[in-house]
Every structure is written in structure tokens, then in C-alpha cells.
Amino acid sequence: MKIKLMNKIAAVGTDVFDRSRYEVGADLSGAEAIMVRSAALHEMPIEPELLAIARCGAGVNNIPLDKCAEAGVVVFNTPGANANGVKELAIAALILASRNIIGGVEWVKTLAGTEAIAKAVEAGKSAFAGHEISGKTLGVIGLGAIGGMVANAATHLGMQVMGCDPFLTVNGAWSLSRSVRRAASYDEIYENADYITLHVPATPQTKGMINRETIAKMKDGVRILNLARADLVDAEAVKEGIASGKIAAYVTDFPTEQTVGAEGVICIPHLGASTEESEDHCAVMAAEELVEYLESGNIRNSVNYPAVSIPHTGAARICVLHRNIPNILNSITGFISENGINIANLSNGSRGEYAYTIAELDAAAPADTVAALGALEGVIRVRVF
């Protein structure tokens, strides 16, 4: 099988592929899978051989998800693989928002060549005095892999932490410190937090969630951290809040034309996941997801198809990517049974308009049966192992 690399991928990730079974490189045609980081794939033609795309990272706005789903191409990401790197930057952002470290460092540079620098420093340092984070309230919006780690770390720094996530998973809840208080709504965070940190994806529902209306609900002197996505925040509203004193500081990992150079705004050059460790973890996780799907059909961490995974214990298995429409599961299983093949185990899941079914079989499926199954209404792609 061929694995095409659209960006430079850490060797520790590409080493996951057994070279006796896989060809890995940047200049491949007819590849069964693609590994990508930041390269834009929206204009890329989807070749018929392509089965899967793995994004080495969490964000997938550089990949045409619906187009891939329509073609039966499963898109994976690597949630949590870079979480520690972003968590550590969030802790740094908390400190930068509280203490005017950057301003102080820049001021010290102006003292080059001055006699008695130590005395000058002591005389001028009060202009850069700040606040401690211990005892302050941190509101965490989004308690996924990153938000949960930030919340837990902040409790160890002496902060009072409250979090809100309408989509919190059971595993996410188990991972949270008992010291993290549940907020019933985002409004509760806006009204009570001294610091607010955002860790949610950019969706139509979250775009511009920090705006004039929500800022008005916040405490005076609030400090806002955005290491998630630029689109979550109305930059003009934030600048107005800073000018009025409502917002004490805004730290973002996503510089834009509106925020670079703005008073009270600290722009970090998208360093959240830019550590060697994060890149390695993402590359390994992406490669392992591809190997599992290509070799067994199991899906985990897909963003356009459901997670469906069962042990491959039968004589064969049929994996069907299909639309999520009424009676299609009955059509698939009925068709297999009508052709004299016993289903030993079955798993099915859906995600929006699309669904996935794995059927473990007691015997191999004839090629003509597989071809006929692929012709059923609503079936997008059939693979056999």
C-alpha cells in the first residue's frame, strides 16, 4: 500500500509503517492513504484508490470532510496527541496575561549601555507590576483533552477552577480533578471568572462566542486566553473592551490583522502544538490510525465517519461505508444472509449523514456478492478482509 505525505512528517510516525507492506513518500500517485499536517487539500482531486486521510493534529479545516465522506474516504485526526504542548503554553499565557513580562523585557533592552543598570531597573520596575494567579478564578470553556489538562494544572497552581462543556464525555469527566467545579452555562463562567480560557473547536455555533454581548457579562478586568481558534473571538469587540478597561489582557495563539500590535493584546505565533514532542505524538497516532483502518477496517478518531471497532476474529469481515438512511442496515445484513453467509459479529454506528458497518463472517464472501453489495442503494464503499 502507498502512503502519501503532504507535509514533512516526523520519522517516528512514518516508521510505524512496515516497509515490507507500505511505500511511504511525498511523490506517490494512486495512494491508498494520505498523511497531512497543514497542507490544504480542498482543491486536491480524490483518486479512486484513496481510502483514508490522517491529519497529524486536531484541526481539520484544511480537509474537505463532506467531499471525502461522499467518496468513502475516512478522515482521521489525532485528538489529545498535542494536548500537553498546548496545556503548557496555556499556563505560560496565564502568566503573561497577569504579569507584564513582555513589556518589562522590552524595557530592559532599552537600558543597554546605561550605567548602573541594576539601579535603573529597581527604579523603573514598578511600571510592570502585575498580579498573581493563585486564588483567582479560572473559567475553562471546553473540557476536552486540552481544556481538561489546563483545568487540572490550574488547580495545582492555586486557582479556583470552574469549567463548562455541554459535550463532555464520560472519559473526559473521569479525567478531571475533583477540585474543578462544574458551571451550568457559559454565562456562569462569564459572570464569575477572573480569567477565561477557550478550548472548543471553531463551529458555526462557537464562531464569535466572545463578542460585545458576552464581554458585557464578564467581570471588570477579566483576562481572556484563546489558544483554540481565532474565529472564536470578535477581535474588534475585545479591543473595545481593552480600551474601556473591561478587559485587562487578551492572549491569543492566532495573530490576525486586527490583533497584531493592538494595545493589551499578546499575540503568540501559533506555538501551541509546535513542540518536537507534540509533532512526534501526532505523527505516531495518525500512522497507527491508518494502519488499523487499512489492515482491519476499524475506525477510531474519525471526523467524518463514526468510530466503529471490533476484534477481527471471524474467517472474514465486510466493512461498509454507507449513508445514514432508514432500513439500510437491514438491507446490508439481509443481503449478506440471503447469500448464505452467517454473520458472527456485527457493529454499526452513524455520524450525521453517514454510517459504518462491520460484519464479521464465518466464511469468506464471494467476489460477486461483494460487488452486488456495493450496488445497494445508499452504499458508498465496501471493503473485505
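Both backbone and side-chain heavy atoms feed into the values below; hydrogens, waters and symmetry mates do not.
By the 6.0 Å contact criterion, CZ on Arg383 is enclosed, its count of non-hydrogen atoms from other residues, nucleotides or ligands being greater than 12.
The backbone N or O of Ser274 lies less than 3.5 Å from no partner atom in the side chain of Ser278, so there is not a single donor-acceptor pair. Checking side-chain atoms of Asn304 against main-chain N and O of Val73 turns up a donor-acceptor pair under 3.5 Å. Looking at Thr369, its side chain never comes within 3.5 Å of a backbone N or O of Ala365 through a donor-acceptor pair. The main-chain N or O of Val75 is found under 3.5 Å from a side-chain atom of Ser302 such that the two form a donor-acceptor pair. A side-chain donor-acceptor contact under 3.5 Å links Thr78 to the backbone of Gly57. Glu188 places a side-chain N or O within 3.5 Å of a backbone atom of Ala184 that can act as its donor or acceptor partner. The closest donor-acceptor contact from the side chain of Asn226 to the backbone of Arg229 lies under 3.5 Å. When atom types are taken as modelled, the side chain of Glu47 and the backbone of Gly30 share a donor-acceptor pair closer than 3.5 angstrom. No side-chain donor-acceptor contact under 3.5 Å links Asp253 to the backbone of Leu227.
If you take NZ on Lys136 and CG on Leu94, they are separated by 11.5 Å, rounding to the nearest 0.5 Å. Put simply, NE2 on His42 and CG on Asn61 are 6.5 Å apart, with the number rounded to the nearest 0.5 Å. Distance check: Met159 CE to Glu132 CD gives 11.5 Å after rounding to the nearest 0.5 Å. We find the CD1-CG distance between Ile189 and Asn192 to be 9.0 Å, quoted to the nearest 0.5 Å. Of the inter-residue distances, the one linking Met1 atom CE with Leu51 atom CG reads 6.5 Å to the nearest 0.5 angstrom. Distance CD1/Ile141 to CG/Leu232: 9.0 Å, rounded to 0.5 Å.
Using a 4.5 Å heavy-atom threshold, the side chains of Tyr305 and Ile380 count as touching. The closest side-chain heavy-atom distance from Ile215 to Val238 is below 4.5 Å. Contact check for Gln160 versus Leu138: no side-chain heavy atoms found under the 4.5 Å cut-off. Side chains of Glu292 and Arg300 form a contact here, defined as non-hydrogen atoms less than 4.5 Å apart. For the pair Ile210 and Asp234, the minimum side-chain heavy-atom distance is 4.5 Å or more. Using a 4.5 Å heavy-atom threshold, the side chains of Val108 and Thr110 count as separate. At a threshold of 4.5 Å between non-hydrogen side-chain atoms, the residues Tyr293 and Asn298 do not count as touching. Within the 4.5 Å cutoff, the side chain of Met35 has no heavy atoms near those of the Asn7 side chain.
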Report the C-alpha separation of Ile53 and Phe76 in whole Å, then their side-chain angles, then the decisive distance to 0.1 Å, and conclude whether the side-chain contact (heavy atoms from CB on, under 4.5 Å) test is met. CA-CA 6 Å; Ile53 297 173; Phe76 298 90; over 6 Å; no
List the steps, then state whether side-chain hydrogen bond (donor to acceptor under 3.5 Å, both in side chains) holds for Ser98 with Tyr195. CA-CA 9 Å; Ser98 304; Tyr195 297 76; 2.6 Å; yes
Passes side-chain hydrogen bond (donor to acceptor under 3.5 Å, both in side chains), Asn342 versus Asp362? Steps please. CA-CA 6 Å; Asn342 185 54; Asp362 283 342; 2.5 Å; yes
What's the verdict on salt bridge (charged side-chain N to carboxylate O under 4.0 Å, His left out) for Glu122 and Lys119, showing C-alpha distance, side-chain angles and the deciding distance? CA-CA 5 Å; Glu122 291 303 314; Lys119 183 180 292 186; over 6 Å; no
Start with the C-alpha distance between Glu236 and Arg212, add both sets of side-chain angles, then the distance that settles salt bridge (charged side-chain N to carboxylate O under 4.0 Å, His left out), and finish with yes or no. CA-CA 9 Å; Glu236 296 302 323; Arg212 290 177 180 85; over 6 Å; no
Please determine whether ring-ring contact (aromatic ring centres under 6.0 Å, His included) holds for the pair Tyr354 and His322, giving the CA-CA distance in whole Å, both sets of side-chain angles, and the decisive distance to 0.1 Å. CA-CA 6 Å; Tyr354 302 96; His322 55 90; 9.8 Å; no
Are Ile358 and Arg317 close enough, and set up right, to give a side-chain contact (heavy atoms from CB on, under 4.5 Å), and what steps lead you there? CA-CA 7 Å; Ile358 299 177; Arg317 68 166 40 181; 3.8 Å; yes
Going through the distances and angles, do Lys219 and Glu191 end up as a side-chain contact (heavy atoms from CB on, under 4.5 Å)? CA-CA 6 Å; Lys219 296 174 69 172; Glu191 294 163 5; over 6 Å; no
How far apart are the C-alpha atoms of Asn82 and His281, what are their side-chain angles, what is the distance that settles it, and do they pass the side-chain contact (heavy atoms from CB on, under 4.5 Å) test? CA-CA 7 Å; Asn82 59 12; His281 294 158; over 6 Å; no
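Using modelled atom types and a 3.5 Å distance limit, the side chains of Gln258 and Thr256 yield a donor-acceptor pair. Side-chain contact check for Ser20 and Asp18: at least one donor-acceptor pair (N or O, by modelled atom type) lies under 3.5 Å. For the residue pair Thr214 / Asn211, a side-chain donor-acceptor distance below 3.5 Å is found, with atom types taken as modelled. Side-chain contact annotation: Glu88 with Asn84, donor-acceptor N/O pair under 3.5 Å present. Side-chain atoms of Glu353 and Asn324 include no donor-acceptor pair closer than 3.5 Å.
Of the listed residues (Asn152, Thr155, Val161), just one forms a side chain to side chain contact (heavy atoms under 4.5 Å, CB included) with Ser179, and that residue is Thr155. Each of Asp187, Ile247, Ile196 was checked for a side chain to side chain contact (heavy atoms under 4.5 Å, CB included) with Met218, and the lone residue meeting it is Ile196.
Using the six-membered ring where Trp is involved, Phe385 and His312 have ring planes that are perpendicular, over 60° apart on the 30 and 60° scheme.
The existence of a salt bridge linking Lys207 and Asp231 is excluded, since no basic side-chain nitrogen approaches an acidic carboxylate oxygen closer than 4.0 Å. Ion pairing of Arg381 with Glu70 is absent here, as no side-chain N (NZ or NE/NH1/NH2) approaches a carboxylate O to less than 4.0 Å. In this structure, Arg37 pairs ionically with Glu279, as a charged nitrogen and a carboxylate oxygen lie closer than 4.0 Å. Ion pairing between Glu32 and Lys4 fails under the 4.0 Å rule for side-chain N and carboxylate O.
Cation-pi geometry between Arg351 and Tyr356 is not satisfied (NZ or CZ under 6.0 Å from the ring centre, within 45° of the ring normal).
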